[in-house]
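Working notes for the structure below.
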Amino acid sequence: MKISACIITYNEEDRIEPAIISLEGVVDEIIVVDAFSTDKTPQIVQSYDVRFFQREWEGYSNQKNFAISQAKYPWILSIDADERLSQELREEIIKIKENEPDFDGFSFKRKTFYLGKWIKHSGWYPDRKVRLFRKDSANWEGDFVHEKLVFNGKVKELKGELLHYSYRNLSDHVQRIEKYSTLASEKMLREGKRSSYLKILILPFFTFFRDFIFHAGFLDGVQGLIISFFSSYYVFLKFAKLLELQRKK
């Protein structure tokens, strides 16, 4: 069993190196597809033994599918620049490689580091993802807000965790809420969905209650409180922007 690791990048100079290092000794090649970063990402990536491509940005799914298309090997390990393999996950994958698996894919729990703390609740964990899969069993779809892996086959759950360093700081989190709420409102408008004063009022409150109480965000301390608040704020902005788009249309 041989594995091609695939990563897409754009201005990830502060995060790409640990991602590459976590893959070394686990995979048989590393492919990085960069969208013409303006920072030192290309120089950092090319200082390692990787196959490096630069390509104009055409959306998350398009970039990831291009990376997969360049893979030499039948198994794909797809991670983002802000993710790393934990030591336990590295060891599990190395063990799997000893024989050809009876499964078509493997899923990992993803654990996020946020404001100095590993998050274990708040709707962010275990956040299980299929990230190791046969090349001919899956492809990425969706570009408006978040891409998703469309997978067909048998999946085995692994114990090891994929470590996620998602937000650099609070400002980064706020900026992404602004970006993704805009994209989400545009997507909903295209799909014929509607906003209303009631949705703007009720849904953010429901989101906060779900993440902080039902998903036990309170157990994550002040970080859980901030996550729950920002989740509700995202929902508020998404439906407020949709209402604005409806009026303009």
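If you're wondering where the values come from, they're calculated on a predicted model, not measured in any experiment.
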Lys/Arg N to Asp/Glu carboxylate O, D102 vs K156, below 4.0 Å: no
Residues E91 and K97 bridged, charged N to O under 4.0 Å: no
Audit row: E92, K95, side-chain contact (heavy atoms from CB on, under 4.5 Å) steps and yes/no: CA-CA 5 Å; E92 280 187 284; K95 183 69 175 177; 5.7 Å; no
Check against side-chain contact (heavy atoms from CB on, under 4.5 Å), I93 and F108: CA-CA 11 Å; I93 295 174; F108 321 141; 4.3 Å; yes
hydrophobic_cluster_shared for I96 and F151, side chain cutoff 4.5 Å: no
Salt-bridge contact K241-E178 (side-chain N to carboxylate O under 4.0 Å): yes
Under-4.0 Å salt bridge between R15 and E12: yes
Spatial distance of atom OH (Y233) from atom CG (L237) [nearest 0.5 Å]: 4.0 Å
Interatomic distance, L162 atom CG to S78 atom OG [nearest 0.5 angstrom]: 9.5 Å
Result of checking V33, I31, L23 against I7 for side chain to side chain contact (heavy atoms under 4.5 Å, CB included): L23
Pair R134 + D104, salt bridge at N-O below 4.0 Å: yes
K187 bridged to E191 by N-O distance under 4.0 Å: yes
Ring centre gap for Y165 and W118 strictly below 6.0 Å: yes
I44 backbone acceptor or donor facing E13 side chain under 3.5 Å: no
Between Y48 and E24: side-chain donor-acceptor atoms closer than 3.5 Å: no
Under 3.5 Å side-chain donor-acceptor pair for E100 and W75: yes
Atom NZ of K148 with >12 non-hydrogen neighbours under 6.0 angstrom: no
Heavy-atom donor-acceptor pair, K135 side chain to A71 backbone, under 3.5 Å: yes
Donor-acceptor contact present, side-chain R128 to main-chain Y125, <3.5 Å: no
Geometric class of the W57/Y60 ring pair [parallel <30°, tilted 30-60°, perpendicular >60°]: perpendicular
Cation-pi check, R55 onto F66 ring (under 6.0 Å, within 45° of axis): yes
Neighbour count >12 (heavy atoms, 6.0 Å) for atom CZ, F205: no
Criterion side-chain contact (heavy atoms from CB on, under 4.5 Å) on I200 and F236, from CA distance to verdict: CA-CA 6 Å; I200 293 171; F236 168 79; 3.4 Å; yes
Parallel, tilted or perpendicular, as decided by the 30° and 60° cut-offs, for the rings of Y167 and H173: parallel
Side-chain heavy atoms of F106 within contact of V155, under 4.5 Å: no
Side-chain (N169) to main-chain (D172) donor-acceptor, under 3.5 angstrom: yes
side-chain contact (heavy atoms from CB on, under 4.5 Å) evaluation trace for Y114 with I226: CA-CA 10 Å; Y114 184 74; I226 294 170; 3.4 Å; yes
Single-linkage hydrophobic cluster, 4.5 Å side-chain cutoff, M1 and L85 together: yes
Over 12 foreign heavy atoms within 6.0 Å of CG, N152: no
Note, R194 side chain near L242 side chain (heavy atom, < 4.5 Å): no
Spacing of CD belonging to E17 relative to CZ belonging to R84, to within rounding of 0.5 Å: 10.0 Å
The single option from R51, K2, K72 passing side-chain hydrogen bond (donor to acceptor under 3.5 Å, both in side chains) against E29: R51
Ion pair check, D80 and K129, cut-off under 4.0 Å: no
same_hphob_cluster(V32, I68) at 4.5 Å side-chain heavy-atom cutoff: no
Residues S231 and D211: side-chain donor-acceptor under 3.5 angstrom: yes
Lys/Arg N to Asp/Glu carboxylate O, E161 vs R110, below 4.0 Å: no
Note: E83-R131 ion pair, threshold 4.0 Å (strictly below): yes
Considering all heavy atoms, the nearest T9-D34 contact: OG1-OD1, 2.7 Å
Side-chain donor-acceptor contact under 3.5 Å, N11 with T38: yes
